[in-house]
Amino acid sequence: MSQIKDLINIIFPDVKITIQNLEKKYPERRLPSGAEVTRFAPSPTGFLHTGSLFTSLIAKTIARQNNGIFYTRLEDTDSKREISGSGDELMKQLAVFGVSPDEGFLADNKETGLYGPYVQSKRADIYRIVIKHLMEIGRAYPCFCTTEELELIRKEQESYKQMPGYYGQYAKCRNLSVDEQIERIQRGEKFVIRFRSMGNHFSKIKVHDEIRGDIEIADNDLDIVILKSDGLPTYHFAHVVDDHFMRTTLVSRGEEWISSLPIHIELFEALNWKAPKYAHLPVIMKLDNGNKRKLSKRKDPEAAVSYFIENGYPPIAVINYLMSIANSNYEEWTIQNRSYEYQKFHFDLQNMSLDGALYDIDKLGYFSKGIISHFSAKELTYFVKTWSSVYNRMLYSLIEHDERYFEKIMNIEREKENPRKDYAKYSDIYPLIRFFYVDYYEMIVENHPYNEHISKKIVSQVLESIITENDYSLDEESWFESLKKISLKNGFAVSNKDYKLNKDKFLGHVGDVAEILRISLCASKNSPNLYQVMQIMGKFEVDKRLEYVIDNFLK
RNA sequence: GGUCCCAUGGUCAAGCGGCUAAGACGUAACCCUCUCAAGGUUAAAUCACGGGUUCGAUUCCCGUUGGGACUACCA
């Protein structure tokens, strides 16, 4: 017995604090009943993934709904895969989408809260205390197997078609004598600490999942590594220790963790701790050649949330889309309540679908169009200006040059019951409104696609009439009446009906006249409301464009 | 391969033993209309398959098939 003490002292000479000290240092939280403590615990290995945003949105929503706490923790125990600075980036992107934590790791090396540190690499002492305890109760042991040996074991298991892993007869270091352990450590051999599992793989355990209900899984019998040779814990162990001492009550994470649940359960039991509730969320999938697959950061640009930021989707639109995936009744709720304030919606884990939702960019666009159309012109201008300052400098300089003008453009058909919905993202705007700006207009008007059945001479005449007769003080209805008069004067019917009745009498109808004007003004067959376009451009600019067209293309 | 999870239109899905099987996105048509975008109306399109249980299965059970996840000193 004293031998084991020696071994422990050799491995943890510096650990004096006990688990009881930790229990006191991180007491149970005093929260109203029903409050849940949830967390988002990413590893700093890249940019924020859409799936992670989804998971954290749900964690935060749950905590907010019951006056709980949503905190963040950085799981940076894999130094090989770590990308420096990505932890900060993750938190900043989270903030962009309004999923900021109440507590925990923030960014720039900052954190807030009494249950820290919230960065795992800074918690090495805590893990060592717990592991020391596990060794004392005989539930952990040093393992000296090398990567090569482990590889060999795996191959052997494969050839016998046995379950891979460190267990049973394959757990070579499990029954080493303490003498040998001490000797090999003193000899300087590298080692990891493994958990000593007492489970039987052939019996099943029942675990409750908040979304899926009871799940039956084979009990864990793997002696998993809990402390790596670099002194940092593995995910499984860190999860158990951190979520215990941070007093997490509900762990929401991707469904890829279901299969390691027995490990976590056994770890909690060995430590005599109460396990948190678990909610394993479906992953977001994508259709690829007819097959569903997980969104992949490498293959799918939209897998990283930076895609939405770069393309100029309003963050709230992305959040709304994710909410609609999380609870399918959310969409109906937005329609009934005419609101995209997702915080007012009551989210329920029970209403979650169990299989991964396919990522549907059309649906995102639908939400986004609705949201953008409800911004005021002033708001939209501000958002677009901010976005374009980084992602579209051409547009940015146009806005900067005359913000008022841009705002007027953004206001076209906006202040009405059913506002115009043609922008799903800010990057849609520039191509649609460039014609308002002279340089671009002159560049493209050359390819003016006038109706070939109408002669240049007629087109020219129509434009001349508009130059002389257009009255900018009229309201929209009267203006259109005046356009009808101009049509009639130039040989066009005042309506399509009239034209159809008397085809040989007319050259066309008022629609054709409007088209001539539209093409001359916007260099396109499509444009928003012509009256408003002309009001924004003003007489001077309109006349200038029409004269330009007459002089250059119609003679 | 093994273990686990999942299965209603192209997509998101409601449905909890009896329904003409909601709704939304998308698609198509029509209406409105100076074009486009909206808006309105309508349409096409779904219970993977095979066994049970039951008077009756989309619904419960078991298989099959299909899809997904996991199977590291990665998380």
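Note on naming: letters A, B, ... go to the chains in the order of the sequence lines (proteins, then strands), and numbering restarts at 1 for each one.
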> What is the distance, rounded to the nearest whole Å, between atom NZ of A:Lys485 and atom P of B:rC34?
Replying inline: 16 Å
> How does each nucleotide of nucleotides 3-8 of chain B score, in 5' to 3' order, for protein heavy atoms under 4.0 Å: base (B), sugar-phosphate only (S), or none (-)?
Replying inline: -SSS--
>> Does anything in residues 157-169 of chain A form a side-chain hydrogen bond (donor to acceptor under 3.5 Å, both in side chains)? List the pairs, not counting sequence neighbours.
In response: A:Gln162-A:Tyr170
> What does A:Asn496 touch in the nucleic acid at a heavy-atom separation under 4.0 angstrom: a base, only the sugar-phosphate, or nothing?
Replying inline: nothing
>> Judged by each residue's nearest nucleotide on RNA chain B, which is more toward the 5′ side, A:Asp360 or A:Arg518?
In response: A:Asp360
> Heavy atoms under 4.0 Å, any strand shown: does A:Cys143 hit a base, just sugar-phosphate, or nothing?
Replying inline: nothing
> When you check the gap from the basic side-chain N to the acidic O, do A:Arg518 and A:Glu515 get nearer than 4.0 Å?
Replying inline: no
> Rounding to a whole Å, what distance do you find between A:Glu417:CD and B:rA38:P?
Replying inline: 17 Å
> Looking across every strand, which nucleic acid part, if any, lies under 4.0 Å from A:Phe480 by heavy atom: base, sugar-phosphate, or nothing?
Replying inline: base
> So what does A:Glu515 hit on the nucleic acid, given a heavy-atom distance under 4.0 Å: a base, only sugar-phosphate, or nothing?
Replying inline: nothing
> Between A:Arg73 and A:Asp243, is there a side-chain N and carboxylate O pair less than 4.0 Å apart?
Replying inline: yes
>> Return whichever of A:Asn351 or A:Val283 has its heavy-atom-nearest nucleotide of RNA chain B closer to the 5' end.
In response: A:Asn351
>> Main chain of A:Leu48, side chain of A:Gln93: is a donor-acceptor contact present, judged purely on distance under 3.5 Å?
In response: yes
> Roughly how many Å is it from CD in A:Glu481 to P in B:rU33, rounded to a whole number?
Replying inline: 13 Å
> CE of A:Met352 versus P of B:rC12: gap in Å, rounded?
Replying inline: 13 Å
> Tell me, what's RNA chain B's dot-bracket, Watson-Crick or G-U with both distances under 3.5 Å, | for other-strand, [ ] crossing?
Replying inline: ((((((((.[[[..)..(....]]].(((((.......)))))....[[[[[..)....]]]]])))))))....
> Between A:Ser482 and A:Glu469, does a side chain to side chain donor-acceptor pair (under 3.5 Å) hold up when you go through it step by step?
Replying inline: CA-CA 8 Å; A:Ser482 77; A:Glu469 290 171 40; over 6 Å; no
